Amino acid sequence: MMALDRRMLLIGLLMFAGAGLAYVMTPAKKVTSDADKVNLETMIPESFGEWKIDTSIVPLLPSPELLAKLEKIYNQTLARTYINGKGQHIMLSIAYSDDQNEGMNIHRPEVCYPAQGFDLLKTVAGELVTQYGKLPVTRVLAQQRTRNEPITYWVIVGDKVTFFGLPHKLAQLRYGLTGKVADGMLVRVSSIDRDENGAYQRQQEFLDAMLAGMSEKDRARIAGRFGV
Amino acid sequence: MFAALDAKPHRGIAMGIEWLPVIAGLLVLYIPTFYDLAATIWQTEEHAHGPIILAVIAWFIWEDRKALRIAPVRTAPGPGYSLLVFGLLLYAVGRSQGIIMFEVGALAPILAGVLLATRGWQGLRALWFPLIFIVFLVPLPGFFVDAVTMPLKQNVSEIAEQLLYAAGYPVARNGVVLTIGQYQLLVADACSGLNSMFSLSALGLVYLRLMRYRSWLHNGVIIASILPIAFGANIVRVMILVLVTYHLGDETGQGFAHNFAGMLLFMAGLLMLLGLDGVIRLASARWRGRAAV
């Protein structure tokens, strides 16, 4: 009697082939080369339109322990507060990684805010109208005691704006299956404001001015390709 | 006679050896997967059950290993190899693109394919339970958790509020925030009860498998009652936490009592399930007794 069955050998070989295929399919090439590395600090102008940086306020970030954990995943984060002539504030927070990863979910406002005791009152998909075109965004309303914080954010995989969840995963797949690792960015603005609609309107104006103050290349980086 | 006695253990070893290539293949596929899981999501509270589920699957396969030893009456190579190749492709996409659901879930078609190709439908039937149980090894996909968590939380807080209000407590609710006396409590994601539903379902199925009831009605009633029981137990848990906070203060409610209530209510859910099983057994015994008279 033969100890090694041919069928069993075939199955074993198929399995090794499966493992090999998975290895070969794993994307290794990063979309961004060293030459076009992102630098958030210089990319976003310190003043644009009627807005300039106000260093007295810092936007909400993930907790310090979480940030430490994220350092492996995240190459850069930027947190700034801008103020206009009327004394109105808008907080800007950007997270960038050249290796798009599940870790992006931690920066997702729907995760990041409740993790620090905020209640989410609303989450709606919306559109940000800018002079360059429309940008699909998510609007969130977070609240903690008396702090009412309307938030507008979008997330980018590679060069396209997407939504979290399945579309995010599919956008990653589109790159991954061609052997590339997509970079990703999450751009968020928020204001502490009781007037929800007024705040969203001001955030729209703020973002429009910000995009106008940037070079075309940086704008494509931060907002993806418009109208795609 | 002598020869026959001698041949038996030898054949047993040979039968074990013939599985070696398959075992080696499975190890190459899944050691990296489980190693990665152990280093990542198995460390989180929501997926801490992972290794236990894996052990349960392995144990049930070991239990039914006899089916792997007996020579097949008739194999099913067509469906077998198709399933195997499908599973391997699913694995390759999942593993390379970081889709854990595909990577882990592929284990079911891979094992089913191997069984069909080597031991036929008979082999598959003998090992159906551990194969089905692989479902519990697959982490629930994020979009499903997102879609289910919010409505569950909403329902849990609503029912808890109404019951407490009916009991005369000064309670009010705004979305998923319960206000009782001077305290404000947020019904968090962890309070949705999704985790306890998941664990209780897994445990319930293991229990049924161990009892091996023949009646489909008996099995069906128990399976159908797992989720309602888990849901009810969770409401009681949330209410207990609200009451502990109200009577004993914020610190007690958030500290020890929080974890303890979770454990306690999980046990209660399990006991309710066993109790239901006892009632069904009693009822069917009595019904049978009456029928006999």
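Computed from a prediction, not measured in an experiment: that's the story for all the values here. Because only heavy atoms are used, hydrogens play no part in the values below, and waters and symmetry mates are left out as well, while side chains stay in. Convention: sequence-line order gives letters A, B, ...; per-chain numbering from 1.
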key: B:Ser96 versus A:Pro27, closest heavy-atom pair with distance   = O-CD, 3.3 Å

message = I need the residue from A:Leu120, A:Leu14, A:Leu21 with the largest number of non-hydrogen atom pairs under 4.5 Å to chain B.
response = A:Leu14

Crowding at CZ, A:Phe163 (>12 non-hydrogen neighbours, <6.0 Å) = yes

ask   = Is B:Val22 close to A:Met15 at the side-chain level, that is, under 4.5 Å between some pair of heavy atoms?
value = yes

task = Take atom CZ of B:Phe86 as the centre, draw a 6.0 Å sphere, and report whether it contains more than 12 heavy atoms from other residues, nucleotides or ligands.
result = no

ask   = Could you go step by step and tell me if A:Thr26 and B:Gln97 meet the side chain to side chain contact (heavy atoms under 4.5 Å, CB included) rule?
value = CA-CA 6 Å; A:Thr26 305; B:Gln97 307 301 320; over 6 Å; no

remark   = Heavy atoms of A:Gly18 and B:Ala92 approach each other most closely as O-CB, 4.1 Å

query = Around B:Phe102, counting heavy atoms of other residues, nucleotides and ligands shown, do more than 12 lie under 6.0 Å from its CZ?
reply = no

task = Would you give the length of the straight line joining atom CZ of A:Phe16 to atom CG of B:Leu27, rounded to the nearest 0.5 angstrom?
result = 8.5 Å

ask   = If you draw a 6.0 Å radius around CH2 in B:Trp42, do more than 12 non-hydrogen atoms from other residues or ligands fall strictly inside?
value = yes

task = Look at atom OH of B:Tyr183 and say whether more than 12 heavy atoms of other residues, nucleotides or ligands are closer to it than 6.0 Å.
result = yes

ask   = Within a reach of under 6.0 Å around CD of B:Gln122, are more than 12 heavy atoms found that belong to other residues, nucleotides or ligands?
value = no

query = So which heavy atom on B:Leu29 is nearest to which on A:Ala19, and how close?
reply = CD2-N, 3.5 Å

task = Let me know if A:Leu10 has heavy atoms under 4.5 Å from chain B in its side chain, its backbone, both or neither.
result = side chain

ask   = So which of B:Tyr91, B:Tyr81, B:Tyr30 has the biggest tally of heavy-atom pairs under 4.5 Å with chain A?
value = B:Tyr81

request  = For B:Thr118 and A:Met8, run side chain to side chain contact (heavy atoms under 4.5 Å, CB included): C-alpha distance rounded to whole Å, both residues' side-chain angles, the deciding distance at 0.1 Å, then the answer.
outcome  = CA-CA 8 Å; B:Thr118 60; A:Met8 300 289 188; 3.8 Å; yes

task = Examine whether an atom of B:Val177 lies under 4.5 Å from a heavy atom of chain A, and if so say whether it belongs to the side chain, the backbone or both; otherwise answer neither.
result = side chain

task = Please report the closest heavy-atom contact between A:Arg7 and B:Ala117, naming both atoms and the distance.
result = CD-O, 3.4 Å

inquiry  = Measuring from atom CD1 of A:Ile11 to atom CG of B:Leu26, what distance do you get when rounded to the nearest 0.5 angstrom?
reply    = 9.5 Å

request  = Take atom CG of B:Asn174 as the centre, draw a 6.0 Å sphere, and report whether it contains more than 12 heavy atoms from other residues, nucleotides or ligands.
outcome  = no

